[in-house]
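Below you'll find the structure, written out as structure tokens, and then a few comments.
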Amino acid sequence: MPETQPTRKRGNFIRTIIERDIAQGKNNGQVVTRFPPEPNGYLHIGHAKSICLNFGFAADYNGRCHLRFDDTNPIKEDVEFIEAIKEDVRWLGFDWGKYEYHASDYFERLYQYAEELIMKGKAYVCELGPDEIREYRGTPTQPGRESPYRNRPIRESLDLFRRMRAGEFAEGTRVLRAKIDMASPNLNMRDPVVYRIRKQPHPRTGDKWCIYPMYDFAHCLSDAIEGVTHSLCTLEFEDHRPLYDWFLDQLDVPSHPQQIEFARLNISYTVLSKRMLRQLIDEGVVTGWGDPRMPTIKGLRKRGYTPESIRQFSEDVGLAKANSIVDMAMLENAIRDDLDPKVPRLMCVHKPLKVVIDNYEESRVEYMKAPYYPNDPEKMGYRQTPFTREIFIEQDDFMEDPPKKFFRLAPGREVRLRFSYIIKCVDVVKDPRTGEVIELHCTYDPDSLGKKPVGRKVKGTIHWVSANQGVPAILKLYDRLFTVPNPAGEGGNFMDYLNPSSLEVVRNAVIEPAIKDVGKPGARFQFERKGFYFLDPEDSTPDMFVFNRIVSLKSKWERIRGGAGTAHTK
RNA sequence: UGGGGUGUGGCCAAGUUGGUAAGGCAGCGGAUUCUGGUUCCGUGAACCGGGGGUUCGAAUCCCUCCACCCCAGCCA
């Protein structure tokens, strides 16, 4: 899958380890990774990074990457998520081929391993209740106490474990525990639970099982069974590595993968924890996992982000073990960078202000030849955009009393109309009651088409759309979800920092008529001087175009006038 | 106060055997531009967490201190 690989690659500690392993002939020089989601929710961009990493390393070193669902806890998981996850991984551009696995496929084998552990005297059935187990576990500074069942005969544990499987006991009355060290400074080693009773049907195995393995047991063994060589996970599992290795050391396993931990991704002005994302949904802040403001893969896709941009972003942010918060600007840069050279331009007036060109004949129409991609006109060809006596310009492009560096339209001033004439504002019509500017009268310079004006310089160029030939559209202007860089670490509730204007719906936008030719559902455009937009294939209807703003263009002007707190300001 | 980690310019992050600090993003200049976009040049005072030490020489080795993150689910 060479086309899915970002162009820029750099060194990182995991790449170093992998290359060293290959050089030393470890694992016969093979590289096998895996992406192991738990099907209990939707994937977000943090998972995307992990996906890119795992599939990326596999591709780089001619190995393979497995997609394995870590479905060991039936009370939290649902098949609904399995399809969604597969769709997201596929959309990102990765193909796991035949290597799709489910931890639940290994249940029988895992069970056998558990019996092996018991028979080796390395595990026992414990009859302490949940509260007692916690109490016996001790604290970080105090060692735990051994369970009274810890030294029961192997035969007894084996018998009990088999009866657990047979369903003879109620939930919470018994668990299988590894016999390690109740005094270990690493709490994970204080006789961790290996199997628990859950009288709950499993999405994939139905009611075949009523005992389910814990993550620590299932994960390392699944990796070993599959021949994974490098098992990448996030930092919080660092403490679990001794346990990961312990299980594999005790049992007769086909391989012993190496667990390597890296810091999870964080991005400013958003949150990336399942719990918080769920809360945003539950409290109605967003419409669901696929809301275009969500940092989920589904949300980014709906917003209009491309898989390429997300892959490049993953590469750009790098890989390390230091906790960090990546600037949202980096994500925005990735999508602009990707879209800029490959998306056609169009003019779209978001908030129309009517302009009457007094000296332009009423019935006259001129078709202005405009390249879809001005940086290289022949690349995407041209469209003809109609110019008429009445046009719309952006309300923001006119100021009655402009500040210093404003070089757009103002009373008595001139501007260039993109791909058209230079006009001069000669009159301002206001609503007598509100004082609001509702119409402008201008004159055009007939000698300014396609040439520089004579005897003066016109600094500004603004976009416009014919008033009677423009096509109506609805624009959804999305912005970051939070107003502070680190809503989750600000102290207090992250919900206190919601951006009240993370979505602005513009209902009377007008686009030049060429949109009828090129406006295929799912297409992306740059609306000149505004930003990149995605023609939403789900929200659009046969008689109404609905666009999502993917990201705005960078704007020096926004900075000059002191940032209005939108996408490009901080 | 136990264990496991991490600290390189505003934000990420290279730096693998010690030789005297890549790159990206953001910012700031300027050039080009019928998008205040793009592109192109240029630019930033980095005590490499602090303090000791070893060495001709340390971000890289040793000691020590500090800060921050993770761990007491029959979650993953």
Side-chain angles (χ1 to χ4, degrees), chain A residues 8 10-13 16 19-20 36-38 40 70 72-73 75-77 126 128-130 133-135 137-144 171-177 184-190 192-198 212 214-216 218-219 233-242 261 263 268 274 315-334 336-337 340-341 345 347 370 374-375 405-408 416-420 422 448 450-452 458-463 485 526-531 552-560 570:
Chain A
R8 302 189 288 272
R10 79 172 111 179
N12 60 58
F13 75 102
T16 303
E19 289 180 359
R20 196 230 305 118
E38 181 188 18
N40 71 341
D70 234 327
T72 57
N73 187 355
I75 70 175
K76 295 177 65 174
E77 296 148 10
C126 180
L128 255 24
I133 285 186
R134 187 182 323 118
E135 187 194 323
R137 185 155 33 228
T139 70
T141 51
Q142 294 167 300
E171 283 186 24
T173 61
R174 283 171 184 74
V175 290
L176 181 69
R177 289 228 259 167
S184 171
N186 181 343
L187 305 220
N188 294 123
M189 302 299 272
R190 320 244 264 224
V193 172
V194 177
Y195 265 88
R196 76 287 217 186
I197 298 170
R198 282 267 180 287
Y212 295 92
M214 296 289 288
Y215 164 86
D216 288 301
H219 202 88
C233 63
T234 42
L235 252 31
E236 65 270 29
F237 292 102
E238 223 153 6
D239 284 346
H240 294 241
R241 187 170 5 114
E261 313 82 12
S268 60
K274 243 172 225 175
E315 191 62 31
D316 289 346
V317 298
L319 178 62
K321 297 190 71 166
N323 292 318
S324 61
I325 301 176
V326 170
D327 195 330
M328 172 71 89
M330 237 196 254
L331 214 208
E332 296 173 343
N333 171 264
R336 287 192 191 104
D337 221 44
D340 192 78
R345 266 103 244 232
M347 292 193 287
N375 293 331
K405 301 245 191 145
F406 185 83
F407 35 79
R408 276 112 92 153
R416 164 127 250 152
L417 292 179
R418 181 74 162 156
F419 306 124
S420 183
I422 286 171
S448 62
K451 56 176 83 163
K452 294 247 190 304
V458 175
K459 180 98 166 144
T461 296
I462 63 174
H463 56 99
Q526 183 196 100
F527 289 156
E528 291 211 32
R529 304 205 310 131
K530 286 308 219 175
S552 67
L553 252 33
K554 284 198 279 190
S555 167
K556 184 146 190 157
W557 172 242
E558 292 292 335
R559 257 175 275 138
I560 291 173
K570 302 235 298 222

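Residue numbers begin at 1 in each chain, while the letters A, B, ... track the order of the sequences.
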ask   = Is there ring stacking between A/W557 and B/rG36, where the centres must be under 5.5 angstrom apart and the planes under 30 degrees?
value =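 Given the distance and angle limits, yes, they stack.
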Can you tell me how far [atom2] of [N] sits from [atom1] of [X], to the nearest Å?
X      : N      : atom1 : atom2 : result
A/N12  : B/rG24 : CG    : P     : 18 Å
A/R137 : B/rG3  : CZ    : C1'   : 15 Å
A/I422 : B/rU35 : CD1   : P     : 13 Å
A/I75  : B/rA76 : CD1   : P     : 9 Å
A/N188 : B/rA76 : CG    : P     : 13 Å
A/Q142 : B/rU1  : CD    : P     : 15 Å
A/L235 : B/rG5  : CG    : C1'   : 6 Å
A/N333 : B/rG24 : CG    : P     : 11 Å

Any idea which of [options] is nearest the [X] side chain?
X      : options                : result
A/T461 : B/rG2, B/rU35, B/rC11  : B/rU35
A/T16  : B/rA76, B/rG15, B/rU1  : B/rG15
A/N375 : B/rG2, B/rC74, B/rU35  : B/rU35
A/N186 : B/rA76, B/rG3, B/rC75  : B/rG3
A/E238 : B/rG4, B/rU35, B/rC75  : B/rG4
A/P374 : B/rA22, B/rU35, B/rU38 : B/rU35
A/A322 : B/rU6, B/rC12, B/rC74  : B/rU6
A/P140 : B/rG2, B/rC69, B/rC12  : B/rG2
A/R559 : B/rA13, B/rC25, B/rC28 : B/rC28
A/R345 : B/rA72, B/rA76, B/rG37 : B/rG37

query = Is there a donor-acceptor pair under 3.5 Å between the side chain of A/N186 and the backbone N or O of A/D239?
reply =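 It does hold such a pair.
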query = When you measure from the side chain of A/S448 to the backbone N and O of A/I422, does any donor-acceptor pair fall under 3.5 Å?
reply =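 Side chain of A/S448 to backbone of A/I422, a donor-acceptor pair under 3.5 Å: yes, one is there.
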Considering all heavy atoms, the nearest A/M214-A/Y195 contact =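 Scanning both residues completely, I find the closest heavy atoms to be CG-N, 4.4 Å.
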inquiry  = So which atom in A/E38 and which in A/D70 form the shortest heavy-atom distance, rounded to 0.1 Å?
reply    =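 A/E38 and A/D70 have their closest heavy atoms at CG-O, 3.5 Å.
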Rounded to whole angstrom, note down the [atom1] distance from [N] over to [M].
N      : M      : atom1 : result
B/rC28 : B/rG10 : C1'   : 13 Å
B/rU20 : B/rA58 : P     : 11 Å
B/rA31 : B/rC48 : P     : 37 Å
B/rA14 : B/rG49 : P     : 14 Å
B/rG24 : B/rG9  : C1'   : 13 Å
B/rU16 : B/rC61 : C1'   : 15 Å
B/rG7  : B/rG73 : P     : 29 Å
B/rA26 : B/rA21 : P     : 27 Å

Which part of the nucleic acid, if any, lies within reach of [X] when heavy atoms closer than 4.0 Å are counted: base, sugar-phosphate only, or nothing?
X      : value
A/F237 : base
A/H463 : nothing
A/G11  : sugar-phosphate
A/I325 : sugar-phosphate
A/L331 : nothing
A/G450 : base
A/K405 : base
A/F527 : nothing
A/G129 : base
A/T139 : base
A/F407 : base

Any side-chain N or O of [X] below 4.0 angstrom from OP1/OP2 of [N]?
X      : N      : value
A/K556 : B/rG37 : no
A/T72  : B/rC75 : no
A/R529 : B/rG36 : yes
A/R198 : B/rC75 : yes
A/R196 : B/rG73 : no
A/R10  : B/rC12 : no

Output the distance between atom [atom1] ([X]) and atom [atom2] ([Y]), rounded to the nearest 0.5 Å.
X      : Y      : atom1 : atom2 : answer
A/R190 : A/I133 : CZ    : CD1   : 14.0 Å
A/K321 : A/E238 : NZ    : CD    : 3.5 Å
A/K452 : A/R416 : NZ    : CZ    : 8.5 Å

request  = Report the base-pairing partner of B/rG23 (Watson-Crick or G-U wobble, both distances below 3.5 angstrom), or none.
outcome  =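 By the stated definition (distances under 3.5 Å), B/rC12 pairs with B/rG23.
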query = Paired with B/rC68 by Watson-Crick or G-U wobble geometry, both distances under 3.5 Å: which nucleotide is it?
reply =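 For B/rC68, the partner nucleotide comes out as B/rG5, under the 3.5 Å rule.
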Polar side-chain contact [X]-[N] base: donor and acceptor under 3.5 Å:
X      : N      : value
A/D316 : B/rG24 : no
A/R408 : B/rG36 : yes
A/D239 : B/rG5  : no

message = Classify the ring geometry of A/Y215 against A/F237: parallel below 30°, tilted from 30° to 60°, perpendicular beyond 60°.
response =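 Tilted, since the angle between the ring planes falls between 30° and 60°.
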ask   = Under the rule syn = chi within 90° of 0, otherwise anti, which is B/rG49?
value =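 Anti conformation for B/rG49.
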ask   = Hey, are A/R10 and A/D316 close enough for a salt bridge, meaning a charged N less than 4.0 Å from a carboxylate O?
value =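 A/D316 and A/R10: not salt-bridged.
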ask   = Can you find a pair of side-chain heavy atoms, one from A/R20 and one from A/T16, that are under 4.5 Å apart?
value =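 The answer is no; the side chains never approach within 4.5 Å.
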Of A/A320 and A/P185, the one whose closest RNA chain B nucleotide lies more 5' =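 So the residue in question is A/P185.
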